[in-house]
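Below is one structure; the comments refer to it alone.
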Amino acid sequence: MRAENITLESRSVSLGFDVERIRQDFPILKQKIKGKTLIYLDNAATTQKPEAVLEALRRYYTSKNSNVHRGVHWLSEQATRDYEAARHRVKSFLNAGSEHEIIFVRGATEAINLVAHSFGRKWVQAGDEIVISAMEHHSNIVPWQILCEEKGAALRVAPINDEGEMVLEEYEKLLNSRTRLVAVTHVSNALGTVNPIRSIIQAAHSKGIPVLIDGAQAAPHLKVDVQELGCEFYVFSGHKIYGPTGIGVLYGKERLLDQMPPYQGGGEMIRSVTFQKTIYNQLPYKFEAGTPHIAGAIGLAAAIDYVNALGLETVAHYEQMLLAHATEALAAVRGVRIIGTAQDKAAVVSFVLDGVHAHDVGTILDQQGIAIRAGHHCAMPVMERFGVSATARVSLAFYNTRQEIDAVAASIHKVREVFG
Amino acid sequence: MSDLRQLYQEVILDHYKKPRNFHPLADAHRSAEGYNPLCGDKVTVYLKVEDGLLSDISFIGSGCAISMASASMMTASLKGKTVTEAEAFFERFHALVTGRAGTNAEAKLGKLAAFSGVCEFPIRVKCASLPWHALRAALEAKEETVSTE
Ligand SMILES: Cc1ncc(COP(=O)(O)O)c(C=O)c1O
């Protein structure tokens with residue numbers, strides 16, 4: 001383990017990954033909290049923003065702010081061009097086939113709700129089934145529950161094992177002629193598990209079932225190629241990939257999006273309106289009713305450019321080194337039990353401390369300027385599966401360091417001091 | 001560390017590790033459940049009310065040190081008190097944890113004054129007050145789960 005860490009680390013340095021220089025790009029990391037330098041380890045909740053993203057927002061609002069797709073004036077032309085350029089960058093980032101397949105939404109949550117409403121309205125009926133997994137975030141559970149309730153359909157849940165891995169044989173048994181959609185997460189926010197989505201997608205496709213992948217926790221850490229994966233839908237949130245809040249992406253196969261009814265009605269999504277009949281706009285605008293989050297899309301594109309410049313593979317190497325170090329450092333603390341020990345993991349270490357509630361761990365770490373998450377991580381069924389009411393969670397980004405992780409481990413010893 | 005010591009006082013840690021009156025009451029007249037959706041803390045408070053007196057009070061539940069110690073110390077403080085006194089305690093305790101209590105009110109809270117450190121931790125106020133909200137719901141004989149949200 002240790003030897004491997006060292007080779008990984010020296011490799012990342014040789015690839016030119018200089019974490020101290022990268023930290024300079026993130027103004028918030030210089031901030032003091034309660035007199036201590038901020039140690040931010042709540043990256044699965046949201047990530048910090050590099051100067052390049054902040055500057056893109058500022059530049060947009062100071063020199064190009066106007067509405068898109070409707071002005072005849074110069075500013076509107078500029079804003080429209082930048083907004084559509086952002087869509088193009090997202091398309092390349094996911095390797096989608098066309099810009100028509102990239103819908104800007106508020107975030108992963110809205111993207112899933114869009115599919116539940118629109119796909120659900122068209123193709124889900126009484127007696128049908130939707131398959132999810134036992135490790136989903138509430139945002140990939142509740143929209144399907146609402147849909148199932150409305151339609152008289154049933155939600156089926158593929159189980160996970162004690163390591164926090166999906167049990168594929170059980171999952172495959174759930175797929176049948178009534179299954180209308182499979183919706184599973186790429187990476188679990190509560191456990192860090194990276195799901196074998198290729199196998200998951202293949203199993204569904206072999207029965208003609210479309211698949212939605214929740215990429216909220218994956219897009220910041222893994223290279224995603226939607227054409228290679230073949231999934232029908234892929235969703236993620238801008239704010240978890242170093243971009244602004246309030247912007248996210250729904251990728252959908254054009255063939256399906258074309259047939260799906262609009263999600264919301266309003267401006268932008270129409271071609272012509274009379275009181276008798278409205279003709280909807282073409283893709284992607286059919287699904288973008290109202291003035292979009294223009295600055296957000298531009299900021300997201302800047303974030304994607306930033307991550308691309310670092311290189312997702314370089315970042316992934318470095319993060320894997322951090323993950324191994326964090327796993328080792330935390331497991332070494334007396335009374336720590338790590339929840340989520342899958343073979344294939346990304347950037348997240350969830351744990352419980354014997355005799356101390358996660359909330360108390362969170363408060364004591366906070367006093368040291370360390371931000372972690374304590375709670376159910378919007379995945380209450382996962383907590384129930386592991387028989388805990390909450391966990392403490394360290395979630396990593398490429399600007400974190402080994403020293404920060406060591407500081408967390410030291411602070412957990414402090415928790416022990418307080419609690420005896 | 002001093003704010004932390006102020007929050008996690010010995011008496012609080014003691015009640016967390018060895019909660020008093022920690023059991024259901026088979027012959028309770030009233031009970032109510034409190035739930036904090038933010039962290040999943042859960043507490044059920046059981047009451048026996050005889051002639052306007054809390055002749056017995058107990059709780060069960062799971063949660064952080066602050067919520068569990070608060071429940072334990074609440075039951076220890078209120079056993080044998082009148083309903084009117086319990087309501088006054090509620091008001092004083094709430095004032096204490098939200099940082100609105102004077103020293104006079106603190107004196108009247110007895111051991112419960114140990115929760116004075118909570119007001120420095122705004123997100124933990126709900127933890128401390130959760131069992132008290134359950135108590136109030138039980139006194140008002142509400143059946144449903146009360147939430148701190
Ligand atoms: C796996 C997963 N899916 C979906 C979401 C929802 O993302 P958002 O709140 O940005 O819509 C999250 C956020 O925590 C997540 O971790």
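Chain letters run A, B, ... following the sequence lines, proteins first, then strands; residues in each count from 1. Remember, it's a predicted structure, so these values are computed and weren't measured experimentally.
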Subject >> Short side-chain to backbone donor-acceptor contact, B/K17 and A/F419, under 3.5 Å >> reply: yes

[X], [atom1] atom: more than 12 neighbouring heavy atoms under 6.0 Å:
{"X": "A/E384", "atom1": "CD", "value": "no"}
{"X": "B/D51", "atom1": "CG", "value": "no"}
{"X": "A/R106", "atom1": "CZ", "value": "no"}
{"X": "A/R337", "atom1": "CZ", "value": "no"}
{"X": "B/K42", "atom1": "NZ", "value": "no"}
{"X": "B/E50", "atom1": "CD", "value": "yes"}

Original post:
What part of B/L7 gets closer than 4.5 Å to chain A, counting heavy atoms only: side chain, backbone, both or neither?
Top reply: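 Contact with chain A is through the side chain of B/L7 alone.
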
**OP:** Calculate, to the nearest 0.5 Å, the distance between atoms OH and CD belonging to B/Y8 and A/E417 respectively.
**Re:** 14.0 Å

Original post:
Taking atom CG of A/D366 and atom CD1 of B/I123, what is their separation to the nearest 0.5 Å?
Top reply: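 It comes to 6.5 Å.
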
Original post:
If contact means a heavy atom pair closer than 4.5 Å, which residues of residues 349-360 of chain A contact chain B?
Top reply: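 Listed by number, the contacting residues are A/G355, A/V356, A/H357, A/H359, A/D360.
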
Subject >> Proximity breakdown for A/M380 and chain B, heavy-atom pairs closer than 4.5 Å >> reply: side chain

**OP:** If a pair satisfies side-chain hydrogen bond (donor to acceptor under 3.5 Å, both in side chains) and one of its residues is in residues 369-381 of chain A, list it, with sequence neighbours excluded.
**Re:** A/H377-A/T391

Original post:
Who passes side-chain contact (heavy atoms from CB on, under 4.5 Å) against A/D162, sequence neighbours left out?
Top reply: A/R385

Original post:
Under the ring pair (Phe, Tyr, Trp, His ring centres under 6.0 Å) test, which residues partner B/F115, sequence neighbours left out?
Top reply: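 B/F115 satisfies ring pair (Phe, Tyr, Trp, His ring centres under 6.0 Å) with B/F93 once adjacent residues are dropped.
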
Subject >> Distance-minimising heavy-atom pair for A/V418 and B/L13 >> reply: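 That closest heavy-atom pairing would be O-CD1, 3.1 Å.
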
